[in-house]
Amino acid sequence: MSEKERYEKLALKWLDGTISADEKDEFAAWYNSHDDSESILPASFVESEQALEARIYARVKYSVAHAEPIATTRKSKKLKWVFPAAAVLLMGLSMGLYVWLSSVDNAERSPYDIAPGSNKAMLTFSDGRSVELSEAQNGIVIADGEIRYQDGEQLVNSQQDGEKGLITMRTPKGGMYRVTLSDGSIVWLNSASSLRYPARFTSAKRVVELEGEGYFDVSRNEEHPFVVKCDGQEIEVLGTAFNVNAYADEGGARTTLVEGKVRLTARGPNLASRILHPGQQASLQDADFTVVDVNTDEFTAWTEGYFHFNDTDMHTVMKRFARWYDIEVTYEGAIENAAYGGRIPMNMPLGSVLNVLKMAGVEYEIKEDRQLVVKGK
């Protein structure tokens, strides 16, 4: 664990009231050893400069009590803030906004608040067998006809050979899991997604089928290209890392290349094809591709346990929350056409995460039966 990650964890424990006396001393020593730092916070999260200042300093009590914020300046649609290092930490050492608003009073929390998603998935075999995977584990490994958890515990003997032994991993809303395929390739499967793959690769091409979202770290094998089939396209690689978002409700598949090189081919009469290079994203719509340069961290942060929004509209934000928290979202009134940005841990209760949006003026209500109502004006 890096120093940054260590103090991020201590900051969250401090805000949640679970930090020990020794950890408080460690955090205080870290804080006192650092100079002031700087953070950029999107304006969409800020009610007013005074409100933001009050919220931060209400929580940064023991270390920042003697510090004063340096003057702020406005630039276009963003607010530029300069804060002591501890306050910056609470907004995120890595980037963007951290959920330092998570320590709301119990009185402010809905009695129906919802816990975050966890490691959940189901395996279904071609002979009809189904196995529910352990929430205490985060991944499985397929090797030599056996399926084991990451820690080596045997789960099942597939009793299947070759391409005919197809296995489907499905994650529900509120679930996420990882699988190491028989060739050593690793796939992270996001919520409400499925991956279909053979128990053993035996053909000239290593073919899998994806619905939803998956991050692929493919084992290189030039003689046997790796092919992902999803939502009207095929992605062919030799060895690389990339993310595919092919949710049906997000308006077309998006492939984001982190490293290596991939070829995308649209299934259809015109067989449109594109080559992607690292840092590029291809969107498939109407049987053709649009390629743009992107910050890949935004599209892979979920594999590290973060939501990452960058000028993201409200409905897209809520779709991601709905999948991870297994909720139904409805809207009342006119919803403002605003864009949101920030990096938020996925291990926070829904109410804590929504307090970030509340600060931007978004009203909401968490009701019984996992219902979230977003209220417009």
Practice problem: Go through the structure and list residues passing salt bridge (charged side-chain N to carboxylate O under 4.0 Å, His left out) with Asp313, not counting sequence neighbours. | Solution: none
Practice problem: Write down the atom of Met346, the atom of Phe307, and the distance for their closest heavy-atom approach. | Solution: CG-N, 3.5 Å
Quiz item: Nearest heavy-atom pair of Cys230 and Ile235: which atoms, and what distance?
Solution: SG-CD1, 4.3 Å
Practice problem: Go through the steps for Glu234 and Thr265 under the test side chain to side chain donor-acceptor pair (under 3.5 Å), then give the verdict. | Solution: CA-CA 5 Å; Glu234 292 188 4; Thr265 303; over 6 Å; no
Quiz item: Does atom CZ of Arg196 have more than 12 heavy-atom neighbours, drawn from other residues, nucleotides or ligands, at distances under 6.0 Å?
Solution: no
Quiz item: Under the ring-ring contact (aromatic ring centres under 6.0 Å, His included) test, which residues partner Phe226, sequence neighbours left out?
Solution: none
Self-check item: Co-membership, hydrophobic cluster, residues Met348 and Val329, 4.5 Å side-chain
Solution: yes
Practice problem: Would you confirm whether Arg267, through its side chain, and Gln233, through its main-chain N or O, come within 3.5 Å as a donor-acceptor pair? | Solution: yes
Quiz item: For Ile186, does its backbone N or O pair with a side-chain atom of Thr180 as donor and acceptor, under 3.5 Å?
Solution: no
Practice problem: Keeping the roles fixed (side chain from Trp188, backbone from Tyr177), state whether a donor-acceptor pair exists under 3.5 Å. | Solution: no
Quiz item: Can you tell me if Asn119 and Gln137 form a side-chain donor-acceptor pair at under 3.5 Å?
Solution: no
Quiz prompt | Mutual orientation of the aromatic rings belonging to Phe321 and Tyr325 [parallel < 30°, tilted 30-60°, perpendicular > 60°] | solution = perpendicular
Practice problem: Without swapping roles, check the side chain of Lys319 against the backbone of Asp249 for a donor-acceptor pair under 3.5 Å. | Solution: yes
Self-check item: Contacts of type side chain to side chain donor-acceptor pair (under 3.5 Å), residue Asp293, not counting sequence neighbours
Solution: none
Quiz item: Within a strict 4.5 Å, meaning less than it, do heavy atoms of the Leu155 and Leu133 side chains meet?
Solution: yes
Quiz prompt | Ala121 versus Met169, closest heavy-atom pair with distance | solution = CB-CG, 4.1 Å
Quiz item: Of all residues at least two apart in sequence or in a different chain, which pass the ring-ring contact (aromatic ring centres under 6.0 Å, His included) check with Tyr149?
Solution: none
Quiz prompt | Nearest-0.5 Å distance, OG1 of residue Thr300 to CZ of residue Phe242 | solution = 13.0 Å
Practice problem: Considering non-hydrogen atoms only, spot the tightest contact between Ser194 and Thr168 and give its length. | Solution: CB-CG2, 4.4 Å
Quiz prompt | N/O donor-acceptor pair under 3.5 Å between Asp286 side chain and Asp288 backbone | solution = no
Exercise. Indicate the atoms forming the closest heavy-atom contact of Ser219 with Gly184, along with that distance.
Key: CB-C, 4.0 Å
Self-check item: Hydrophobic cluster of Leu238, others only, ordered by chain and residue number, side-chain cut-off 4.5 Å
Solution: none
Quiz prompt | Residues that, via side-chain heavy atoms closer than 4.5 angstrom, fall in one hydrophobic cluster with Val292 | solution = Val294, Phe299
Quiz prompt | Donor-acceptor side-chain pairing of Asn138 and Gln150 below 3.5 angstrom | solution = no
Quiz prompt | Residue pairs involving residues 222-231 (criterion side-chain hydrogen bond (donor to acceptor under 3.5 Å, both in side chains); sequence neighbours excluded) | solution = Arg220-Glu222
Quiz item: How would you list, by chain and number, every residue that makes a salt bridge (charged side-chain N to carboxylate O under 4.0 Å, His left out) with Glu304, sequence neighbours excluded?
Solution: Arg343
Quiz item: Can you tell me if Ser273 uses its side chain to pair, donor with acceptor, with the backbone of Leu264 under 3.5 Å?
Solution: yes
Exercise. Say whether, by atom type as modelled, one donor and one acceptor occur between the side chain of Arg370 and the main chain of Asp326 under 3.5 angstrom.
Key: yes
Quiz item: Just by distance, do the side chain of Asp113 and the backbone of Gly351 share a donor-acceptor pair under 3.5 Å?
Solution: yes
Quiz item: Heavy-atom count around Lys261 NZ within 6.0 Å, excluding the residue itself: above 12?
Solution: no
Exercise. Using ring-ring contact (aromatic ring centres under 6.0 Å, His included) as the criterion, list what pairs up with Trp302, not counting sequence neighbours.
Key: none
Quiz prompt | Hydrophobic cluster identity match, Val228 and Phe201, side-chain contacts under 4.5 Å | solution = yes
Exercise. Please name all residues satisfying ring-ring contact (aromatic ring centres under 6.0 Å, His included) with Phe289, sequence neighbours left out, ordered by chain then number.
Key: none
Quiz item: Which residues pass the side chain to side chain donor-acceptor pair (under 3.5 Å) test with Asn310, sequence neighbours left out?
Solution: Glu298
Practice problem: Give the intermediate values and the outcome of salt bridge (Lys or Arg N to Asp or Glu O under 4.0 Å) for residues Glu365 and Lys375. | Solution: CA-CA 8 Å; Glu365 182 181 359; Lys375 300 180 179 182; 3.1 Å; yes
Practice problem: Could I get the full list of side chain to side chain donor-acceptor pair (under 3.5 Å) partners for Gln281, not counting sequence neighbours? | Solution: Thr256
Quiz item: Where is the tightest heavy-atom contact between Asp151 and Glu153, given as atom of each residue plus distance?
Solution: OD1-N, 3.1 Å
Quiz item: Cut-off 3.5 Å, side chains only: do Asp183 and Ser185 have a donor facing an acceptor?
Solution: yes
Quiz item: Is the backbone of Tyr247 close enough, under 3.5 Å, to the side chain of Glu250 for a donor and an acceptor to pair up by distance?
Solution: no
Exercise. Please confirm whether the backbone N or O of Ala143 pairs with a side-chain atom of Glu146, one donor and one acceptor, at under 3.5 Å?
Key: no
Exercise. Could you tell me whether the side chains of Glu213 and Ser193 share a donor-acceptor contact shorter than 3.5 Å?
Key: no
Quiz item: Considering only heavy atoms from C-beta outward, does the side chain of Val374 approach that of Thr330 to under 4.5 Å?
Solution: no
Quiz item: Is Glu236 paired with Lys205 through a side-chain N to carboxylate O contact shorter than 4.0 Å?
Solution: yes
